Amino acid sequence: MLNITKKGKAMKTFCTLLLILTCFFTAPLVSIYAAQDTTSKPVAIFYSPHQDDELLSMGNGIIRYIDEGYEVHVVLLTRGGGSNAIHSVNEKLESAMLSSLSKANFTRARNREFSQSLISMGVPRENIHFSRLRDGQTTTTEVNEVVLKYKSRFPNAEHKALSYHDDHIDHRNSGLALQTLYNSGMISSPKFYIQNVEHHLWDGKYESFDPSYQQFIDDATLAYHTWSPRLRYYSVGGISVVPDFQQLKADPRSKYHYIGE
């Protein structure tokens with residue numbers, strides 16, 4: 001019985017890894033968006049405070065904008081190395097008699113999940129950007145500078161961040177930065193996404209959710225729930241914010257508000 005159990009687990013792991021690798025190498029090619037012309041697309045830039053925010057709170061929005069013909073860029077604002085999930089991940093590694101992760105390798109693992117999540121949603125690798133601000137210590141000024149950097153590159157882009165109502169400093173500062181730049185006339189019509197576990201706290205509207213979007217959400221979720229130290233996947237997101245992923249499974253829609261709401 002023990003051998004059968006081990007074989008079953010091995011086969012499950014193999015199938016999971018095969019799906020990850022298939023998504024990794026083919027997602028941009030088989031995506032329903034791949035054949036669209038990029039020369040005259042409008043541009044939408046999403047500023048994700050941490051790895052997993054792009055999926056949990058913005059995923060539906062990202063997929064919808066791609067589906068509607070936008071050239072979508074996603075900017076990761078912070079490094080992500082400050083997450084307490086490193087302790088849980090290292091405990092799991094040590095229990096399997098594997099080497100624990102340094103903070104630098106933990107950050108790389110989080111970035112790997114982030115990139116794979118976005119690729120699974122249809123964002124080209126070259127449209128995934130990293131700003132490396134200090135997580136938990138961002139300032140509105142720092143985020144302003146990041147936004148202005150991308151505004152200079154894409155003058156007519158639409159800008160999206162998390163809500164300035166959010167209780168997390170990095171989430172809140174992403175929204176406050178867009179609010180500040182809007183008030184100073186630097187950008188127009190910013191959009192603010194509400195953290196998925198706080199949908200019930202704030203008024204807003206839900207992005208339209210086509211049934212075809214669900215597969216992209218599921219594939220992106222897999223990036224955060226794969227445990228394969230051999231391939232340097234450590235299920236950081238799945239370990240870090242269990243309630244948030246449970247909420248995503250229950251309701252994958254993104255909720256947002258506009259300035260002054």
Side-chain angles (χ1 to χ4, degrees), residues 44-62 73-89 101 103-104 106-111 113-115 117-118 128-151 158-184 186-187 190-204 224 236-248 254-261:
I45 305 175
F46 290 76
Y47 300 92
S48 179
H50 310 109
Q51 300 92 335
D52 67 32
D53 290 325
E54 84 294 340
L55 171 60
L56 295 170
S57 300
M58 298 173 158
N60 174 195
I62 289 171
H73 292 257
V74 182
V75 180
L76 178 61
L77 293 175
T78 68
R79 301 168 190 167
S83 170
N84 288 327
I86 188 172
H87 304 300
S88 298
V89 170
L101 296 177
K103 189 172 182 178
F106 176 75
T107 299
R108 293 187 185 100
R110 295 202 71 190
N111 288 341
E113 292 179 352
F114 175 77
S115 296
S117 166
L118 288 168
I128 302 171
H129 312 280
F130 300 85
S131 292
R132 298 180 174 86
L133 301 179
R134 298 166 298 172
D135 40 310
Q137 302 180 58
T138 59
T139 66
T140 304
T141 299
E142 287 178 328
V143 181
N144 281 350
E145 292 173 356
V146 173
V147 176
L148 290 175
K149 171 184 173 182
Y150 289 95
K151 175 178 170 51
E158 298 178 18
H159 300 270
K160 329 287 181 184
L162 291 194
S163 175
Y164 45 75
H165 296 308
D166 203 293
D167 60 358
H168 191 292
I169 184 173
D170 298 330
H171 294 183
R172 184 169 63 250
N173 283 342
S174 73
L176 287 173
L178 294 194
Q179 182 185 52
T180 299
L181 292 172
Y182 171 81
N183 289 338
S184 64
M186 298 296 292
I187 62 173
K191 195 172 191 178
F192 305 92
Y193 287 90
I194 301 167
Q195 186 180 176
N196 75 332
V197 292
E198 295 186 355
H199 282 182
H200 64 289
L201 297 179
W202 305 104
D203 292 333
Y224 287 106
V236 179
I239 291 172
S240 177
V241 285
V242 173
D244 305 64
F245 277 100
Q246 290 174 337
Q247 177 60 30
L248 180 70
S254 295
K255 189 176 183 180
Y256 64 90
H257 66 84
Y258 288 114
I259 201 80
E261 297 179 347

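Just so it is clear, the model here is predicted, and its values are computed rather than measured.
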[X] side, atom [atom1]; [Y] side, atom [atom2] - distance, nearest 0.5 Å:
X	Y	atom1	atom2	result
Ser117	Asn111	OG	CG	12.0 Å
Asn144	Gln179	CG	CD	10.5 Å
Gln195	Asp166	CD	CG	4.5 Å
Ser83	His50	OG	NE2	9.0 Å
His73	Tyr47	NE2	OH	10.0 Å
Ser174	His159	OG	NE2	13.5 Å

Is the backbone of [Y] close enough, under 3.5 Å, to the side chain of [X] for a donor and an acceptor to pair up by distance?
X	Y	answer
Glu54	Asp52	yes
Asn196	Asp244	yes
Glu113	Val236	yes
Arg132	Arg79	no
Ser254	Asn60	yes

Next on the checklist: Determine whether Glu145 and Thr141 satisfy the following criterion, side-chain contact (heavy atoms from CB on, under 4.5 Å), listing intermediate values before the conclusion.
Outcome noted: CA-CA 6 Å; Glu145 292 173 356; Thr141 299; 4.0 Å; yes
Next on the checklist: Over 60° means perpendicular and under 30° means parallel, so tell me whether Tyr164 and His257 are parallel, tilted or perpendicular.
Outcome noted: perpendicular
Could you tell me whether [X] atom [atom1] has more than 12 heavy atoms of other residues or ligands within 6.0 Å of it?
X	atom1	answer
Asn183	CG	yes
Tyr182	OH	no
Asn84	CG	no

Can you name the closest pair of heavy atoms from [X] and [Y] and give their distance?
X	Y	result
Val197	Gln247	CG1-CB, 4.2 Å
Gln137	Asp170	N-OD1, 3.8 Å
Ser57	Leu162	CB-CD2, 3.9 Å
Ser131	Val75	OG-CG1, 3.3 Å
Ser115	Phe130	OG-CZ, 3.6 Å
Asp135	Gly82	OD2-N, 2.7 Å

Item to check | Residue from Leu77, Leu176, Thr78 passing side chain to side chain contact (heavy atoms under 4.5 Å, CB included) with Thr138 | outcome: Thr78
Checklist entry - Between His171 and Phe192, does a ring-ring contact (aromatic ring centres under 6.0 Å, His included) hold up when you go through it step by step? => result CA-CA 10 Å; His171 294 183; Phe192 305 92; over 10 Å; no
Any side-chain heavy atom of [X] sitting closer than 4.5 Å to one from [Y]?
X	Y	result
Met58	Asp53	no
Ile128	Val74	no
Lys160	Tyr256	no

Checklist entry - So Asp167 and Glu198, side-chain contact (heavy atoms from CB on, under 4.5 Å) or not? Walk me through it. => result CA-CA 10 Å; Asp167 60 358; Glu198 295 186 355; 3.1 Å; yes
